[in-house]
Every structure is written in structure tokens, then in C-alpha cells.
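Take a look at the structure set out below.
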Amino acid sequence: MKDTIIALLEEALSALQQQGELPQDIAPTIKVDPTKDKAHGDFATNLALMLAKPAGKKPRDLAEALVAALPASPAISKTEIAGPGFINFFAATDALAQVVSTILDTGDTYGRCLDGKGEKVQVEFVSANPTGPLHVGHGRGAAIGDSLCRLLEATGYDVTREFYYNDAGAQISNLARSVQSRAKGLTPDDPSWPEDGYRGDYIRDVAESYLAGDTVHADDRHVTGAADPDDLDAIRDFAVAYLRREQDLDLKAFGVAFDVYFLESSLYEEAKVESTVKTLIEGGHTYEQDGALWLRTTDFGDDKDRVMRKQDGGYTYFLPDVAYHLDKWQRGFTQVINEQGADHHSTVTRVRAGLQALETGIPNGWPDYVLHQMVLVTRSGVEVKLSKRAGSYVTLRDLIDEVGRDATRYFLAARRADSQLTFDIDLARSQSNDNPVYYIQYAHARVCSVLRKAAADDRDFQHDLALDNLALLDSDQEKALMNRLARYPEVVRIAAGNREPQQIAQYLQDLAADFHTCYNAVKVMVDDDAQRNARLALGIATRQVIRNGLDLLGVGAPEEM
RNA sequence: GCGCUCAUAGCUCAAUUGGAUAGAGCAACGGCCUUCUAAGCCGUAGGUUGCAGGUUCGAGUCCUGCUGGGCGCGCCA
């Protein structure tokens with residue numbers, strides 16, 4: 001519909017150029033938008049406003065000229081000039097209803113496109129170190145990251161989901177010492193408990209499992225506990241595997257699966273850190289000072305230079321980060337999106353600067369970042385800070401267990417990443433109209449219910465009869481609903497392009513609202529066969545789009561509530 | 001102090017990416033079930049979009065400066 005209008009405007013434009021009414025050298029990108037207000041028709045363009053200046057004409061005069069030059073089209077019932085020079089288009093009812101037929105034909109693929117042309121994109125998200133259960137912040141990253149992947153897949157990209165973790169650094173040593181202490185019978189309250197040791201109950205679970213000689217299977221490793229409290233290396237390997245498995249289970253319960261688990265240790269084992277250092281030194285971007293090796297990241301937009309190699313000879317985390325991203329580039333990912341907590345935003349400039357210093361042709365501004373802000377969890381209006389299992393934070397598992405996967409995913413993905421999020425447990429649990437998840441799912445279930453009713457009455461949906469009578473969908477509510485359905489593919493495209501999965505959540509709420517309004521205003525199961533089937537078709541189309549949209553968020557679409 | 005980010009109805013959030021009279025839900029009030037699921041719908045009320053400038057036909061949206069919240073500013077990750 002929109003493309004049709006753009007094509008008509010293009011014709012009008014070139015006609016006016018031929019007549020000399022408009023300069024030849026203007027080639028505007030024509031923008032046609034759905035209107036907010038029905039009084040303004042179904043679509044509107046600001047073309048006359050944009051061209052007024054270059055054409056040296058008044059916007060309204062130009063609009064009139066454009067409308068006069070507009071070819072007739074069966075899809076448009078009326079055009080109007082309004083306000084300062086908008087051109088409003090009123091869609092012919094049967095043209096609008098075409099969307100119902102399109103959705104029925106395309107089903108699960110409605111809203112998908114091939115814009116990405118099969119290009120490879122890597123999305124790195126969650127990337128939690130295996131030192132404890134995933135917390136709410138990881139959950140937000142998982143919800144946003146995975147939805148982003150689904151959006152990119154829906155727009156034609158070849159997506160790789162990647163999880164990066166440090167299995168060898170100082171934090172892991174700390175974990176190993178904590179588990180060892182537990183294995184030796186200490187508790188976090190003992191004076192000899194490691195300083196900065198992990199104190200959560202899960203440390204005890206790991207120690208017990210280790211002592212019992214359990215075998216754990218994580219996504220990328222299998223380890224059996226050596227049961228020897230003095231073997232710190234064995235404890236470390238076991239603890240990492242144990243917590244990796246725990247995170248796997250959390251992610252699985254959340255409906256998120258990764259293609260690649262990338263270990264920081266592999267960068268050392270494969271000498272990628274060494275070769276990165278070498279390249280940076282050879283490029284002349286480093287210097288020695290105070291016994292450390294520095295990278296002059298200020299040459300590439302950082303606000304201060306960064307240490308690469310410490311006085312003790314070890315590398316800072318910054319260097320493996322650069323080596324890791326070089327590896328991503330070398331694996332052929334010209335598009336990489338890193339989804340992280342905004343508390344790590346300082347790495348963005350640093351990593352990009354390090355990559356520029358390599359001078360290997362990586363574009364400035366690569367990779368992309370999506371940063372999410374903090375999550376605050378409340379219950380009964382009071383902040384929840386602790387969980388028994390983790391001690392100092394609320395775990396993702398707690399939320400999934402308490403409010404369910406669908407609501408948790410929806411709530412964590414439904415807000416802009418860059419605004420802080422308050423996760424209201426009471427709201428997420430409530431089965432009422434103030435809970436948007438249920439509101440949307442209920443719309444889906446209602447359509448299913450109508451179809452069950454139709455089957456029970458021996459009035460099953462008749463596809464061909466419905467499609468012949470779509471013009472009967474002519475009430476305001478039905479037209480509003482069809483307009484909404486028609487917008488879906490564009491919403492998917494914009495949400496994917498802007499990396500904003502919350503736009504899907506917002507769209508679904510609007511769609512559900514339009515549906516509920518329609519449902520209350522227009523009875524589907526009427527006696528007239530043509531009328532009834534046309535309305536059933538609209539219901540089925542709505543159900544399909546809700547299902548497609550919820551799938552992009554990783555949220556289920558139940559047939560009954 | 002510097003950097004990043006956010007600020008919209010009493011509350012939680014939208015606003016088609018610069019468009020027309022800033023919209024939903026909750027909370028408040030008033031209606032709608034002998035009718036396909038009332039987990040729903042309809043209506044009333046609620047606003048100087050934090051403040052001050054600027055850009056232009058047009059700004060919640062872009063720019064500058066303030067104010068306030070969050071995060072960051074390690075040879076931690």
C-alpha cells in the first residue's frame with residue numbers, strides 16, 4: 001500500500017519535472033507514513049513541505065500540483081491536502097483488506113524480509129563469567145540479545161549467537177579458592193575465608209558436588225570432580241564446569257541458545273594475545289612507562305592511554321578484548337553487535353581504539369554496541385536485593401521460577417535498553433489487564449477460542465469464501481485493525497535496523513488493543529456466511545501476526561488462557 | 001572534576017526516527033456480560049514533554065548551556 005503511494009508520487013514528481021514545474025535536479029526520498037488520526041486518511045506524505053524550498057513554491061500550491069499530477073489508482077479512494085501542505089491518502093477498503101489475504105498466504109513468514117541478503121552478523125551477549133548464577137542484568141542482556149538475533153534473522157541475516165567468558169583470570173582463582181574453602185569445611189563467616197571470596201550458597205553446592213565426585217555436563221565441557229580438597233586446579237576446572245552448566249540451564253529455561261562459547265583462555269593458548277601485542281608494538285602505537293607496556297589509545301579517541309602489559313608481566317583484560325575482537329573480524333563478521341551492561345560502557349572506546357591501532361582495515365566504529373542500563377527488582381513496592389542462592393543479587397532463575405518465562409522475557413525486552421528498568425514482580429505475576437503479556441496473549445487466545453466455537457458449530461472457516469468477501473470488513477474498528485496489521489513488516493524492519501526489540505513489544509500491545517476493541521464492537525459468529533468468514537479471516541490474520549511478533553520476543557502464544 | 005546515559009499525566013511507559021490536536025495502561029470516577037473468554041470494551045478526568053536558548057515551514061525528537069538521577073573514570077573484568 002505504502003509502496004503503491006510512493007510509486008504514484010514518483011510518477012507525479014517526474015511529470016511535474018517534465019512540465020518544468022519543478023527543477024530537474026531534485027531527487028527526494030519520498031516518505032509516506034500511516035496517519036495517527038483517521039480524519040487524515042490512512043497515509044500521509046510531507047513531500048510538498050520538503051520540496052517547497054528547493055522548488056521555490058508555497059507548500060500548499062505544490063501539494064495541489066502534485067495531487068493534480070497523481071495518476072489514478074484503484075487502491076486510493078480519495079486524496080486531500082491538509083494543514084501546512086500534507087497530502088492525505090484514503091485507502092480503498094478492498095485495497096486495505098488485501099493485507100488479510102497476504103497474511104493468510106504468507107503465514108509465519110509475514111513480516112520477514114531479505115534485507116540482510118544472508119550477510120553474516122554476530123551478536124555477542126550475556127558473556128557472564130562462570131563465577132555464579134546469572135543475575136537479572138544478564139537476563140536483560142539475554143532477552144534483548146536473543147530478540148535482536150531473532151529480528152536480524154527475520155530480516156534476512158545469517159546470525160551467530162556468541163557467549164564469551166573468562167575461564168582463567170583472577171576471578172576464577174577467587175572462585176576456586178572459595179570452593180576449596182567450602183570443601184575444607186569453612187564458611188564465609190570464618191576469619192580465614194578468602195578475602196573477596198564468593199559467599200553465596202551455591203559455593204557450598206559446588207564444593208559438595210566436587211567432593212562427591214559428580215560429573216557435570218555443560219554446553220562446552222564435561223568434568224568430573226576429583227574430590228581432593230587440596231587440588232586447586234581440579235577444583236577450578238570443576239567449579240567452572242559446574243557454574244557453566246548452571247548458566248546453561250538458566251538460559252535453556254529462558255529459551256536462549258548460543259551457537260558459540262568462546263573462551264578467553266583460548267586466546268592465550270592459540271597465541272592470539274601475543275600476536276596482537278606484537279602487531280601493536282610493530283605499529284608504533286605503544287610505549288614503556290613505569291615498567292608497564294602502554295597502548296597510545298588517545299591517538300584513537302580514548303581519553304587516556306591504557307596499560308596492555310602490567311609490571312608483573314601479565315596482561316590487562318583490555319588486551320584479550322582486542323585480540324578477541326580481531327578474531328571476530330578475522331572470522332568474517334563484518335557486522336558484530338555486542339550487547340552488554342552499560343556499566344562496562346568504557347570498554348567501547350577502548351576496544352575500538354585498540355582495533356584501530358592494529359591498522360588491519362577494521363572500520364572505525366566497529367563493532368556495534370547495544371548497552372542496557374541497570375535493572376531494579378521490586379516486590380510489594382520494595383527493592384529486592386538478595387537471593388538466598390547467590391547472596392548478593394537477584395538471580396534470573398528466581399524470576400523465571402516466580403513469574404514464568406514468558407512474562408520475564410517480555411518485561412526484560414519491552415523497555416528501551418538505554419533506560420533503567422524497574423522489574424515489578426507483582427505486576428509481572430498479575431493475571432490482570434495491567435499486565436501487557438497477558439493482554440497480548442489473551443488477544444491470541446480469544447481468536448483461538450472463536451475458531452474453536454466455529455468448529456463446534458460446524459461453521460469451519462472457509463478460506464475462499466472469506467477472501468472473496470474481505471470488502472465486508474468495513475467498520476472503523478476493522479479498518480483500524482487492518483491498518484495495524486499492514487504496518488507490521490515495517491515495524492520489524494525498523495526494530496531490527498535500530499536494534500530496538502522493544503518496538504515489537506510496543507507494536508504488539510497496540511495490535512492487541514485494536515483487536516480487543518474490534519472484538520467488542522464486531523461480532524464474528526454471525527449467520528451471514530460471507531460476513532462471518534471475512535471476519536474469521538481477519539481474526540486468523542491477527543492471530544498470525546501476534547504469534548509472529550511474540551516469537552520475535554521469545555514469548556509463547558497460548559491457545560487458551 | 002571528566003565521560004556516557006536518562007528525564008514525557010500522580011505511577012509505569014509510548015509517540016511511525018523532524019510532522020498535523022503528545023498517546024496507552026495503572027491508580028480515580030461513571031457505564032457494558034440471557035450474546036464468540038469481562039484476563040475484555042466504552043466514557044470522564046489528568047500535560048508549559050526538567051529549565052533556558054538555538055537550528056526551520058514545523059522540535060518530545062536535532063544542537064548548545066544549565067538542573068537532577070544512574071553508570072563509569074584500576075597495571076580489576
Side-chain angles (χ1 to χ4, degrees), chain A residues 31 33-37 39-40 44-46 48-50 52-53 58-59 82-86 88 127 129 131 165-166 169-171 196 264 289-294 302-304 306-318 320-321 341-349 371 373-374 376 414-416 418-422 424 427 430-439 441-443 445-454 456-457 487 490-491 494 497-498 500 502-503 505-507 509-510 512-513 515-526 532 535-536 539 560-561:
Chain A
K31 206 171 154 236
D33 291 313
T35 52
K36 290 179 195 168
D37 186 340
H40 299 142
T45 183
N46 60 355
L49 293 168
M50 294 195 343
K53 185 164 271 185
K58 289 182 189 166
F86 291 99
N88 296 332
S127 292
N129 284 340
T131 55
Y165 70 98
N166 173 354
Q171 291 180 61
D196 302 325
E264 182 179 348
Q289 186 181 304
D290 304 328
L293 182 65
W294 296 69
D302 203 357
D303 53 359
K304 59 169 113 167
R306 304 292 167 176
V307 169
M308 292 165 38
R309 191 166 58 219
K310 301 182 274 186
Q311 282 178 345
D312 66 8
Y315 296 112
T316 60
Y317 69 90
F318 157 59
D321 271 3
D343 53 341
H344 286 184
H345 74 253
S346 60
T347 62
V348 175
T349 315
L371 304 176
Q373 295 287 337
M374 312 251 83
L376 177 75
R415 298 277 171 260
R416 301 176 56 93
D418 57 11
S419 66
Q420 292 167 54
L421 169 64
T422 300
D424 183 338
L427 177 62
S430 77
Q431 306 202 343
S432 67
N433 52 359
D434 50 346
N435 186 336
V437 189
Y438 286 90
Y439 185 77
Q441 290 182 327
Y442 181 46
R446 267 185 150 174
V447 178
C448 294
S449 174
V450 173
L451 288 168
R452 281 194 297 272
K453 166 88 171 152
D457 294 352
R487 279 198 55 199
E490 193 194 356
V491 172
I494 291 173
N498 292 351
E500 293 186 338
Q502 90 280 354
Q503 294 213 17
Q506 183 64 38
Y507 171 84
Q509 276 187 72
D510 292 339
F515 171 76
H516 287 307
T517 295
C518 205
Y519 181 92
N520 278 275
V522 180
K523 187 167 165 69
V524 176
M525 294 304 292
V526 293
R532 184 180 67 250
R535 289 174 182 173
L536 280 169
E560 302 177 63
M561 301 291 284

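By convention in this document, chain letters (A, B, ...) are assigned in the order of the sequence lines, proteins followed by strands, and residues within each chain are numbered from 1.
For A20(B), the base is stacked against the aromatic ring of His40(A), per a cut-off of 5.5 Å between centres and 30° between planes. Stacking between Phe86(A) and the base of A20(B) is present: ring centres sit under 5.5 Å apart and the planes differ by under 30 degrees.
The Val307(A) side chain lies nearest to C75(B) when the options are C75(B), U37(B), C57(B). When the nucleotides A77(B), C41(B), U17(B) are ranked by their closest atom to the side chain of Gln503(A), U17(B) comes out on top. Closest to the Asp343(A) side chain, of the nucleotides C71(B), C41(B), A77(B), is C71(B). For Arg446(A), the listed nucleotide lying nearest its side chain is A38(B); candidates were A38(B), U17(B), A20(B).
Rounded to whole angstrom, the span from the CZ atom of Phe515(A) across to the C1' atom of A24(B) amounts to 18 Å. For the pair Met50(A) CE and A20(B) C1', the computed distance is 16 Å after rounding to whole Å. Taking atom CZ of Arg415(A) as the reference point, atom P of A15(B) lies 11 Å away to the nearest angstrom. Separating the NE2 atom of His516(A) from the P atom of C36(B) is a distance of 16 Å, rounded to the nearest angstrom. Distance CD (Gln509(A)) to C1' (A24(B)): 8 Å, rounded to an integer number of Å. In this structure, CG of Asn435(A) is placed 13 Å from P of A27(B), rounded to the nearest angstrom. In this structure, the CE atom of Met374(A) is 12 Å from the P atom of G70(B), given to the nearest Å.
Counting any heavy atom pair closer than 4.0 Å across all strands shown, Ala44(A) reaches a base atom. Among the protein residues, Glu560(A) comes within range of the nucleic acid bases, having at least one heavy atom under 4.0 Å from a base atom. Contact annotation for Ala342(A): backbone-only contact, meaning every heavy-atom pair under 4.0 Å involves sugar-phosphate atoms and none involves a base. Contact annotation for Gln311(A): base contact, defined as any heavy-atom pair under 4.0 Å involving a base atom. Base contact: Ile494(A) has a heavy atom under 4.0 Å from a base atom. Base contact: Tyr519(A) has a heavy atom under 4.0 Å from a base atom. Across all strands, Asn498(A) comes closer than 4.0 Å to base atoms (heavy-atom distances). Within 4.0 Å of Asp457(A), counting heavy atoms only, lies no atom of the nucleic acid at all. Here Val522(A) lies in heavy-atom contact (under 4.0 Å) with a base. Among the protein residues, Ala445(A) comes within range of the nucleic acid bases, having at least one heavy atom under 4.0 Å from a base atom. Nucleic acid contact for Ala443(A): none, since no nucleic acid atom lies under 4.0 Å from a heavy atom of the residue. In this structure, Glu500(A) reaches the bases: a heavy-atom distance under 4.0 Å links it to at least one base atom across the strands shown. Contact annotation for Pro34(A): base contact, defined as any heavy-atom pair under 4.0 Å involving a base atom.
Contact annotation: side chain of Asn88(A) to base of A20(B), donor-acceptor pair present below 3.5 Å. Looking at Asn46(A), its side chain comes within 3.5 Å of the base of G19(B) through a donor and an acceptor atom. Not a single donor-acceptor pair, N or O on each side, falls under 3.5 Å between the base of U12(B) and the side chain of Asp424(A). Judged by distance alone, with hydrogens and angles left aside, Tyr438(A) brings no side-chain donor or acceptor close enough to the base of A39(B) to form a pair under 3.5 Å.
For the pair Phe515(A) and Val447(A), the minimum side-chain heavy-atom distance is below 4.5 Å.
One P atom belongs to A14(B), the other to U61(B), and the distance between them is 16 Å to the nearest Å. Nucleotides U5(B) and U44(B) place their C1' atoms 38 Å apart, quoted to the nearest Å. A gap of 14 Å separates the P atoms of A9(B) and G60(B), to the nearest Å. Here, A27(B) and C11(B) have their P atoms 16 Å apart, quoted to the whole Å.
Partners of Lys453(A) according to the salt bridge (Lys or Arg N to Asp or Glu O under 4.0 Å) rule, which considers only residues two or more places apart in sequence or in another chain, are Asp457(A). Shown here are the side chain to side chain contact (heavy atoms under 4.5 Å, CB included) partners of Ala170(A), two or more places apart in sequence or in another chain: there are none. Listed by chain and number, the residues in a side chain to side chain contact (heavy atoms under 4.5 Å, CB included) with Thr517(A) are Gln477(A) (sequence neighbours excluded). Among residues two or more places apart in sequence or in another chain, the side chain to side chain contact (heavy atoms under 4.5 Å, CB included) test is passed with Glu490(A) by Lys2(A), Ile494(A). In this structure Arg309(A) satisfies the salt bridge (Lys or Arg N to Asp or Glu O under 4.0 Å) test with no other residue, sequence neighbours excluded. Looking at residues two or more places apart in sequence or on another chain, you find no side chain to side chain donor-acceptor pair (under 3.5 Å) involving Arg415(A). Here Gln506(A) pairs with Asp510(A) under the side chain to side chain contact (heavy atoms under 4.5 Å, CB included) rule; sequence neighbours left out. With sequence neighbours excluded, no residue forms a salt bridge (Lys or Arg N to Asp or Glu O under 4.0 Å) with Asp196(A). Residues that satisfy the salt bridge (Lys or Arg N to Asp or Glu O under 4.0 Å) test with Asp302(A), not counting sequence neighbours, are Arg306(A).
In this model, the phosphate group of A77(B) is not approached by any side-chain N or O of Thr316(A) to a distance below 4.0 Å at OP1 or OP2. For Lys304(A), no side-chain nitrogen or oxygen approaches OP1 or OP2 of C73(B) to under 4.0 Å. Taking side-chain N and O atoms only, Arg306(A) has no distance below 4.0 Å to OP1 or OP2 of G74(B).
The distance from the CG atom of Leu293(A) to the OH atom of Tyr315(A) is 8.5 Å, given to the nearest 0.5 Å.
Judged by distance alone, the side chain of Gln503(A) and the main-chain N or O of Val491(A) form no donor-acceptor pair under 3.5 Å. Of the possible donor and acceptor atoms, one in the side chain of His345(A) sits under 3.5 Å from a partner among the backbone N and O of Ala342(A).
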* To do: Mark up nucleotides 30-35 of chain B, 5' to 3', with B wherever a protein heavy atom is under 4.0 angstrom from a base atom, S wherever such an atom reaches only the sugar-phosphate, and - elsewhere.
  => -----S
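More than 90° away from 0 lies the glycosidic angle of U12(B), which makes this nucleotide anti.
Position along RNA chain B of the nearest nucleotide to Leu421(A) versus Lys31(A) favours Leu421(A) as the more 5'-ward residue. Nearest-nucleotide positions on RNA chain B for Arg309(A) and Asp510(A) put Asp510(A) closer to the 5' end.
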Each nucleotide N or O in nucleotides 2-6 of chain B that has a protein N or O under 3.5 Å away: list the pair and distance.
unit_1	atom_1	unit_2	atom_2	d
G3(B)	N2	His345(A)	NE2	2.9
U5(B)	O2'	Asp418(A)	O	3.3
C6(B)	OP1	Asp418(A)	OD2	3.0

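For the pair Arg446(A) and Tyr519(A), the cation sits on the ring face: its NZ or CZ lies under 6.0 Å from the ring centre, inside 45° of the axis.
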* Dot-bracket encoding per residue of RNA chain B, Watson-Crick/G-U cut-off under 3.5 Å, | denoting interstrand -> (((((((..((((.....[...)))).(((((.......))))).....(((((..]....))))))))))))....
